[in-house]
There are 2 protein chains.
Amino acid sequence: MAYEEISSRNTGQNILEIVRQALPGLRKSERKVANRVLEDPNRILNAALAEAAALSDVSEPTVIRFCVAIGCSGYQEFKLRLAHSLALGTTATHSVLSKNDSTAELVEKIFGYTMTSLDWARSHLDTQALGEAIALLSGARSIEFFGLGASGIVALDAQQKFPLFGVPCGAQADTHQQLMTASMMQAGDVAVIFSNTGHTIAMIEVAKVAKDGGAKVIAVSGSRSPLLDHCDVAILVETLDNTDIYTPTISRIAALVVVDILCSAVGLRRDAEHGQRFENMKQLLRNQRVNGPVKTS
Amino acid sequence: MAYEEISSRNTGQNILEIVRQALPGLRKSERKVANRVLEDPNRILNAALAEAAALSDVSEPTVIRFCVAIGCSGYQEFKLRLAHSLALGTTATHSVLSKNDSTAELVEKIFGYTMTSLDWARSHLDTQALGEAIALLSGARSIEFFGLGASGIVALDAQQKFPLFGVPCGAQADTHQQLMTASMMQAGDVAVIFSNTGHTIAMIEVAKVAKDGGAKVIAVSGSRSPLLDHCDVAILVETLDNTDIYTPTISRIAALVVVDILCSAVGLRRDAEHGQRFENMKQLLRNQRVNGPVKTS
DNA sequence: CTCCTTTTTGTAGTTAAAATACATTTTTCT
DNA sequence: AGAAAAATGTATTTTAACTACAAAAAGGAG
């Protein structure tokens, strides 16, 4: 049996998206099935072959032909892939926001799109580069985070987390201060530069200056770009491309997850050493609150 | 260690988690199946009943009894639920971070945990409250965002996005300025307060002051809390609870997605009016970059 | 400790679902 | 309009999932 081939299934993209794209190339009856699937995927997910055929008003073999046409080995595999895609939420197809969308639809679309993109980012992340970054950060005497605009938010987030694990670090907001800080960096320091485009001139300057001073430079970028030429380690965080207005959020969120990974990894290495210090800090925060369940802000 | 607590919360969600919990109550042979599933869920996902039985070294009916024991109607339903869970990433079981984890394992665990939590947040979001918030924000003359610590990052993010759609807004970082800003608010203004705990005293004060001045107050909080008593609309963003070190990230990310939804919804309403202005802004940003593909930062 | 009861597990058979081979209908092009 | 090609449905085969029952193992009382 071809179980080996089937297992590569996971690397595929969203099946509903595939169905939508294949739609024009399908035969008339197959298209009936496709439309049914796009219309109410959950219904199909819980239906057996016979029921799916009845719902689409075609014969059973047609449904199977449809499955084969979109690249599945059969109805069973199709259902498995459908289950995978539905877990991640509605597709990019459905994620085109419309003025007529209800609130519930917006929630579904944006969450779905976010999760699908995260799934994509996960499968495209360069583990090795990440490992190198972790090694650099773990050994750093101090860390500086740089970013502008949306990426500035990510930098701030990183700057807020890393001190918890005993790494002194900072993040500057404006470009002048960033350049000043970068020029003060030296061997043993690590600069982490966030730039989704990787084309922002100010960030490239920062990378050059920091590197000249002897510091190591890590770039977290959305695509292969000029910035990477001036960095020691490049972490590419690819997200689903989308030229739409609402896009930037997802690259930001993916970057935050990457920061989380970096931070956790570095934290794990330093855990034993700084665990107690962290507990003390947590206690201080608690005193800032009225009585109630204790959680982290 | 890290994500241990998830298990109790996650009941009914992730099938692998359910399997892990049911483990002690299972019969000896059923436990063999359970272990096989936990060990290599992807293998089982691509296996037929007969193969699953062979892999676990038990008979086919035993596998079915196992499925029934953990609450599925049969093997088919089990596989569907497994596909769903695997799509969201590795389970909470596997998400307990360990010092021995490879980088790839960390990536898998943290992405998986993030996605599972987003799935949870999505299904627990109060659509109606969200709708009310959108209505308030759409009609606002100006908006102020408030938050401290991790929630401060969320506030900044919101403050960065909303102007794109023509809503004047601000976000203050320190508590004194926050109170000052809040005290200047009046009817027609909207205050959005981010506080994961909802117990932070400074934020409750801000809510009171803003409301007294006649402004509408929207709270985005992780749980039912004192803060909500002083707000007009409460958006609860529930995430998988976890008192551990790494928790704040997920509540932050879930909150960012909610901000995205609010912003998109408000944007859609104002789109026709401000579409051109947005394009102009985008062009300005482009000039800040060296030549290369055009994207948003 | 041995025989009986209860629980657990496997064997064999049944049912149902999915895939295939083939026939019929529809379309298209000369 | 008629033949070739394509598309779709019918009938059959194959395969997988589920069920009934019997054997084996575990537990308990005499």
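Chain letters run A, B, ... following the sequence lines, proteins first, then strands; residues in each count from 1.
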Atom pair distance, as rounded to whole Å: CG in L80(B) and P in dA17(D)
12 Å

According to side-chain contact (heavy atoms from CB on, under 4.5 Å), who are the partners of D40(B), at least two apart in sequence or on a separate chain?
N42(B), R43(B)

For E77(B), enumerate each residue passing the side-chain hydrogen bond (donor to acceptor under 3.5 Å, both in side chains) test, keeping only those at least two apart in sequence or located in another chain.
S73(B)

Tell me, please, which residues at least two apart from S59(B) pass side-chain hydrogen bond (donor to acceptor under 3.5 Å, both in side chains).
T62(B)

The residue, S29(B) or Y75(A), whose nearest nucleotide of DNA chain C is more 5′ is S29(B)

Tell me, please, which residues at least two apart from R65(A) pass salt bridge (charged side-chain N to carboxylate O under 4.0 Å, His left out).
none

Could you list by number each residue of residues 60-74 of chain B showing a heavy-atom separation from DNA chain C of less than 4.0 Å, or answer none if no residue does?
P61(B), T62(B), R65(B)

I'd like the 5' and 3' limits of the part of DNA chain C contacted by chain A, with heavy-atom contacts below 4.0 Å.
dA18(C) to dT27(C)

My understanding is that only residues two or more places apart in sequence, or in another chain, count here; which of them pass side-chain contact (heavy atoms from CB on, under 4.5 Å) with A50(B)?
E60(B)

Could you grab the distance from atom CD of E238(B) to atom OG of S251(B), nearest 0.5 Å is fine?
12.5 Å

So which of residues 43-59 of chain A are in contact with DNA chain C, with a heavy-atom cut-off of under 4.0 Å?
A48(A), L49(A), A50(A)

Can you name the residues that form a ring pair (Phe, Tyr, Trp, His ring centres under 6.0 Å) with F78(B), not counting sequence neighbours?
F66(B)

For R31(A), what residues pass the side-chain hydrogen bond (donor to acceptor under 3.5 Å, both in side chains) criterion, not counting sequence neighbours?
none

Across all chains, not counting sequence neighbours, the salt bridge (charged side-chain N to carboxylate O under 4.0 Å, His left out) partners of R224(B) are none

Tell me, which pairs form a ring-ring contact (aromatic ring centres under 6.0 Å, His included) where one or both residues lie in residues 16-49 of chain A, sequence neighbours left out?
none

